[in-house]
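Down below is the structure, laid out as structure tokens.
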Amino acid sequence: LSLKLPTSYKLKGLKLRWFFKEALRGFLPDEILTKKKHGFGLPFGPWAVRDAALNALAAESLRGVAARGLVRQEFIDSLLTRRLKEHAGYYGEMVWILMMLEQWLRRHAPDYRLA
């Protein structure tokens, strides 16, 4: 079906979703159709709090980041034992970033340490 639509319907200037928004005009409220694009966060914190295996992987990864000298061990301990449980949605993003950093370092720079 989309191959039959003229290109001007699919792309209007830099508005990539113009056609879809126009097709839904009158069905969806205008405030939905005109709102700015924004992403949504991965609910990693709540998942890590509820899932013991995921929490263990995160804790083990964050211990690795601390062992490399990139963050203080006291901060990691506080993050995992108190902060993540109190505000999983907020601190979960930090845990995710540090966890991914450690996983990347293990793959690409396993001997990296901060002097």
Side-chain angles (χ1 to χ4, degrees):
L1 179 63
S2 69
L3 294 174
K4 295 179 181 181
L5 292 173
T7 303
S8 63
Y9 277 32
K10 297 179 205 175
L11 183 63
K12 188 160 189 99
L14 297 175
K15 297 178 181 178
L16 297 174
R17 291 174 185 81
W18 175 82
F19 174 78
F20 299 109
K21 289 181 177 186
E22 286 304 307
L24 294 171
R25 192 167 301 285
F27 180 73
L28 291 176
D30 284 344
E31 53 269 12
I32 298 293
L33 297 173
T34 59
K35 76 176 189 173
K36 298 279 185 202
K37 181 180 174 186
H38 58 82
F40 61 93
L42 180 72
F44 180 79
W47 291 346
V49 169
R50 286 194 306 260
D51 187 279
L54 185 58
N55 188 283
L57 176 63
E60 191 266 332
S61 295
L62 270 59
R63 281 193 297 272
V65 173
R68 293 175 189 276
L70 299 174
V71 293
R72 293 189 323 265
Q73 184 63 50
E74 301 80 37
F75 173 73
I76 296 299
D77 293 341
S78 171
L79 186 60
L80 292 172
T81 60
R82 188 171 51 97
R83 296 178 190 275
L84 185 61
K85 291 173 186 166
E86 291 173 355
H87 302 287
Y90 182 79
Y91 288 105
E93 184 175 355
M94 184 174 297
V95 172
W96 171 258
I97 290 167
L98 291 171
M99 183 174 148
M100 291 299 102
L101 173 61
E102 175 60 20
Q103 295 301 315
W104 187 90
L105 287 169
R106 286 180 185 179
R107 170 101 190 226
H108 299 285
D111 297 326
Y112 181 80
R113 300 276 184 273
L114 196 59

Could you pull out every donor-acceptor pair under 3.5 Å between side chains of residues 58-71 and any protein atom, sequence neighbours left out?
residue : atom : partner : partner atom : Å
E60     : OE1  : R106    : NH1          : 3.2
E60     : OE1  : R106    : NH2          : 3.4
E60     : OE2  : R106    : NH1          : 3.3
E60     : OE2  : R106    : NH2          : 2.8
S61     : OG   : L57     : O            : 3.0
S61     : OG   : Q103    : NE2          : 2.7
R68     : NE   : E102    : OE1          : 2.6
R68     : NE   : E102    : OE2          : 3.4
R68     : NH1  : A109    : O            : 3.4
R68     : NH1  : P110    : O            : 3.3
R68     : NH1  : Y112    : O            : 2.9
R68     : NH2  : E102    : OE2          : 3.3

What pairs of donor and acceptor atoms, side-chain ones from residues 42-52 against any protein atom, are under 3.5 angstrom apart with sequence neighbours left out?
residue : atom : partner : partner atom : Å
D51     : OD1  : A53     : N            : 3.1
D51     : OD1  : L54     : N            : 2.7

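Residue pairs meeting the ring-ring contact (aromatic ring centres under 6.0 Å, His included) criterion with at least one member in residues 49-92, sequence neighbours excluded, do not occur.
With sequence neighbours excluded, no residue forms a salt bridge (charged side-chain N to carboxylate O under 4.0 Å, His left out) with R107. Not counting sequence neighbours, the partners of E74 by the salt bridge (charged side-chain N to carboxylate O under 4.0 Å, His left out) test are R72. D111 pairs by the salt bridge (charged side-chain N to carboxylate O under 4.0 Å, His left out) definition with nothing, not counting sequence neighbours.
The structure places CD of E31 at 7.0 Å from OG1 of T34, a figure rounded to the nearest 0.5 Å. How far CD1 of I32 is from NZ of K21: 10.5 Å, rounded to the nearest 0.5 Å. Separation of atoms CD (E86) and OG1 (T81) is listed at 9.0 Å; rounding is to 0.5 Å.
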Legend entry - Derivation of the side chain to side chain contact (heavy atoms under 4.5 Å, CB included) call for D77 and R82: CA-CA 8 Å; D77 293 341; R82 188 171 51 97; over 6 Å; no

